There are 2 protein chains.
Amino acid sequence: MPQPDDSEDKPVRARTMAEIAALAGVAESTVSRALAGSERVSEETRERIRKLVQESGYRINSRARSLRTRRSRTIEVVIGISETNRQHFSDPFFSQIVAAIADALAENDYDLLLSRARPWDDVEGADAIASNRADGVIIIGQGREPEKLAEYAASRRNVVVWGADIPDRSYPVVGSDNLLGGRLVARRLLAQGRRRLVFLGDIRHVEIGLRHRGCMEEMTSAGAAPDQTLTLSMPFDSESAYGATRELFRGGIWHDAVFAASDVLAVAAMQALSDLGVRVPEDVSVIGYDDIALAAYVSPALTTIRQDTVAGGRALVENLLTLLDGGEARDAILPTELIVRRSCGGS
Amino acid sequence: MPQPDDSEDKPVRARTMAEIAALAGVAESTVSRALAGSERVSEETRERIRKLVQESGYRINSRARSLRTRRSRTIEVVIGISETNRQHFSDPFFSQIVAAIADALAENDYDLLLSRARPWDDVEGADAIASNRADGVIIIGQGREPEKLAEYAASRRNVVVWGADIPDRSYPVVGSDNLLGGRLVARRLLAQGRRRLVFLGDIRHVEIGLRHRGCMEEMTSAGAAPDQTLTLSMPFDSESAYGATRELFRGGIWHDAVFAASDVLAVAAMQALSDLGVRVPEDVSVIGYDDIALAAYVSPALTTIRQDTVAGGRALVENLLTLLDGGEARDAILPTELIVRRSCGGS
DNA sequence: AGGCGCATGGCAATCGATTGCGCAAACCCC
DNA sequence: GGGGTTTGCGCAATCGATTGCCATGCGCCT
């Protein structure tokens, strides 16, 4: 018969700070301070408590903690692009930037809450949606209704946005120079002698609109007749781009260049061209936007505008934490660079 | 001079339930019940409170709520694959499945917390890591140390895992049949007359190991000499796969097929082959695993084993919620299917 | 020996919402 | 009009950690 045993190796599970306190023979407040590393508790006591915590597998209850401290060390990330559904989160560009944000947050000991809805879309659902769950919000993309975003952000000092530096915004932004990006694309295509462009993407999205405008302005000022340019509006998915491209080129090759608003669209367009026997880049040049990881690995490799997601994620997080700290955020327009690869005749 | 105005259109901001209660002239408890839709509060009062909540822009403080209710309606998602860093979250496969999980959770009004560390990696950092922040945990991938995962999960009833049905596990799994997947790949390659295979991937990962084993077994039982097969171990990133493939084929084409543990690796391998002037699929067949969105759009289109992320995400969430509800989870081995495309000579 | 100061640690209020229990008003019936 | 039910609400404890302020004990100085 096993005798009751009070030896030290018995692993006592502790669930609350009070239990740890009892174990250590001190008050709850002391445990709290010890765990916070306060100088008010002697090094010796701190060490004893730390050990107890280890052994008992105790974990601070972060809900109670953040109720009291009014901070949760959690940041909410919202993909603002999609109007109809959330699936576009699976676009590699978005997941790359979310990953970058996650890493930057982790370095600062923050957690990342992936939001299921844009906070300014007032849900009519009778319930009051719970909130106060994150200390700050990072919004990816200004979407098609920047006014709503601006209104939402106007009353808060804990919102930063990945997007473009547009007028009337009420929040700090980090992003690439979309106008310049569009220009760079146009210049490259013009240098190649291409003039009959197809633009793929929904220009109602602020950033896409700017890319489009930059490209158009440059084309026009170079003397290309605007009516040689076709703009195909479409959502952010491969299927749409594939279908539209195929439809367009089915009758023959009149256009000689495709500028897609994102790499995902560009890759799908190239596939459509390939399926139709149209050669890239000989017959048609294709340029994308984002420089997702796979861009370099498709065949032909995709020429694209690089958006530095790692730098972007870091800048977003830094700005947000600065804001939360009472400081001022600094907008960051990241270097915007054309990466020339085979799809437009590069090496 | 603006006169003080008490008209009803003055938007009173309320921050706590107590304030709403004061506004409505009832007790806090009544507000709580009203918002919860309790029958204990008259429809009339409920309506009045609802209206007040709307006008005042009040949001329930979810921290206080979940402290009290002991549920947060939040699920933590952990990418268990990477041993060294977290960057692999940007692998399209992982982001697809995270997206699917996010959607399934949203349908059930749960939030998704993206974790920065695997909970069983005991951080030696002196601080007790906060916890109790999610009601349940979804782990993607069993990683290279399934025992640790098993130990972690053994003591809880709120963990589900995307992975393989291996012995000694202590948690429900959802996943594809990796062994069968490997077999299907081998059969296809054998049918094509390919016998000199290269396997790309880290077989220490449980799932990868099974894919590898299935493939090997099938090859061997078909009489292919095992020593004709080369296994290249590597992490989950494009660069490694590109480099290793290039290195291997630089000297000439001896192997006639590549089976990569993931599509990302496969695409990179194809790029390396293409850069070396090796033709796919004429000289070398390439098959991947996952069927990420881009697989159909690379050129040549990638043959691969499809993992249904949408069904998987849904199954994971359903199982987890069932567990949380006190029910029993049902392991789900999803249909495992070879999608034949050009990269192995398909249409 | 008395007094002062510092180092440690405990008390209790607090964060905001939830909920078991009990009370009061209203309504019914006889 | 009185007793018994409903119906609708309020009281107060509770979830677990944090923190301002006070209390205790000890060493040290004069």
Side-chain angles (χ1 to χ4, degrees), chain A residues 13-50 52-53 56-74 109 111 127-135, chain B residues 13-50 52-53 56-74 109 111 127-135:
Chain A
R13 310 301 292 186
R15 304 211 45 69
T16 73
M17 216 171 238
E19 290 174 31
I20 294 284
L23 251 41
V26 300
E28 235 180 299
S29 44
T30 301
V31 176
S32 175
R33 282 193 268 261
L35 259 32
S38 160
E39 292 293 334
R40 300 268 324 270
V41 175
S42 67
E43 176 53 37
E44 189 188 315
T45 309
R46 263 184 288 176
E47 191 44 52
R48 186 158 47 98
I49 290 178
R50 229 176 269 144
L52 239 30
V53 165
S56 61
Y58 166 74
R59 294 290 172 100
I60 284 185
N61 182 320
S62 56
R63 306 199 278 237
R65 186 231 232 6
S66 57
L67 171 60
R68 179 62 225 239
T69 60
R70 304 168 142 285
R71 324 193 47 207
S72 58
R73 285 199 95 81
T74 299
D109 275 323
D111 282 318
D127 323 276
I129 300 298
S131 74
N132 286 303
R133 99 191 96 205
D135 297 338
Chain B
R13 309 302 292 186
R15 304 212 45 70
T16 74
M17 215 171 237
E19 291 174 32
I20 295 284
L23 250 42
V26 299
E28 235 180 299
S29 44
T30 301
V31 176
S32 174
R33 281 192 269 260
L35 258 32
S38 160
E39 293 292 335
R40 303 259 326 265
V41 175
S42 68
E43 176 54 36
E44 190 187 315
T45 309
R46 262 184 288 175
E47 191 45 50
R48 187 157 47 97
I49 290 178
R50 228 175 271 143
L52 238 32
V53 165
S56 62
Y58 167 74
R59 295 291 174 99
I60 284 185
N61 182 321
S62 56
R63 306 199 278 236
R65 187 230 231 7
S66 56
L67 172 59
R68 180 61 226 238
T69 61
R70 308 167 138 285
R71 328 220 308 133
S72 58
R73 284 199 94 80
T74 299
D109 275 324
D111 283 317
D127 322 275
I129 299 298
S131 75
N132 285 304
R133 95 193 101 203
D135 296 338

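To find a chain, count down the sequence lines: A is the first, B the second, and so on, and within it residues start at 1. No experiment lies behind these values; they were computed from the predicted model shown.
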| Whole-Å gap separating P (C/dC6) and CD (A/E39) | 16 Å

| query | How long is the line joining CG of B/L67 and P of D/dT18, in whole Å? | reply | 12 Å

| message | Considering every strand and a 4.0 Å limit on heavy-atom distances, what is the contact class for B/S32: base, sugar-phosphate, or nothing? | response | base

| message | Pick the closest DNA chain D nucleotide for B/A27 and for B/A64 by heavy atoms, then say which residue is nearer the 5' end. | response | B/A27

| task | Mind checking the CG-OG spacing from A/L23 to A/S56? Nearest 0.5 Å is all I need. | result | 6.5 Å

| query | A/E47 side chain to A/E43 main-chain N or O, any donor-acceptor pair under 3.5 Å? | reply | no

| request: Compute whether any side-chain donor of one residue and acceptor of the other, for B/S29 and B/S32, lie under 3.5 angstrom apart. | output: no

| field | Options D/dG10, C/dA17, C/dG10, nucleotide nearest the side-chain atoms of B/Y58 | value | C/dA17

| request: Measure the spacing between CZ of A/R73 and CZ of B/R133 and express it to the nearest 0.5 Å. | output: 11.5 Å

| field | Short side-chain N/O contact to D/dG10 OP1/OP2 from B/T30, under 4.0 Å | value | yes

| query | Is any side-chain nitrogen or oxygen of A/T45 closer than 4.0 Å to OP1 or OP2 of C/dG9? | reply | yes

| Picking from D/dA17, D/dG16, C/dT8, which would you name as closest to the side chain of A/R40? | C/dT8

| said: I want to check one thing: is the phosphate of D/dG16, taken as OP1 and OP2, less than 4.0 Å away from some side-chain N or O of B/R70? | reply: yes

| message | How many whole angstroms separate atom CG of A/L35 from atom P of C/dG9? | response | 14 Å

| query | Whole-Å distance between D/dG8 C1' and B/R48 CZ? | reply | 12 Å

| message | With a cut-off of less than 4.0 Å, is there a side-chain N or O of B/R65 near OP1 or OP2 of D/dC15? | response | no

| What's the closest nucleotide to the A/R68 side chain, out of D/dG16, C/dT8, C/dT19? | D/dG16

| request: Rounded to the nearest angstrom, tell me the gap between atom CD in B/E43 and atom P in D/dG8. | output: 10 Å

| note | note: A/E19, atom CD; D/dC15, atom C1'; distance rounded to Å ~ 13 Å

| note | In whole angstroms, the gap separating P of D/dC15 from CD of B/E28 amounts to 17 Å

| query | Per the atom types in the model, does the base of C/dG10 pair as donor or acceptor with the side chain of A/R33 at under 3.5 Å? | reply | yes

| B/M17 CE to D/dA12 C1', straight-line distance once rounded to whole Å | 16 Å

| message | Quick check for you: among C/dG9, D/dG10, C/dC11, whose closest atom lies nearest to any side-chain atom of A/S29? | response | C/dC11

| said: Would the distance check show the side chain of A/S62 and the main-chain N or O of A/R65 forming a donor-acceptor pair, the cut-off being under 3.5 Å? | reply: no

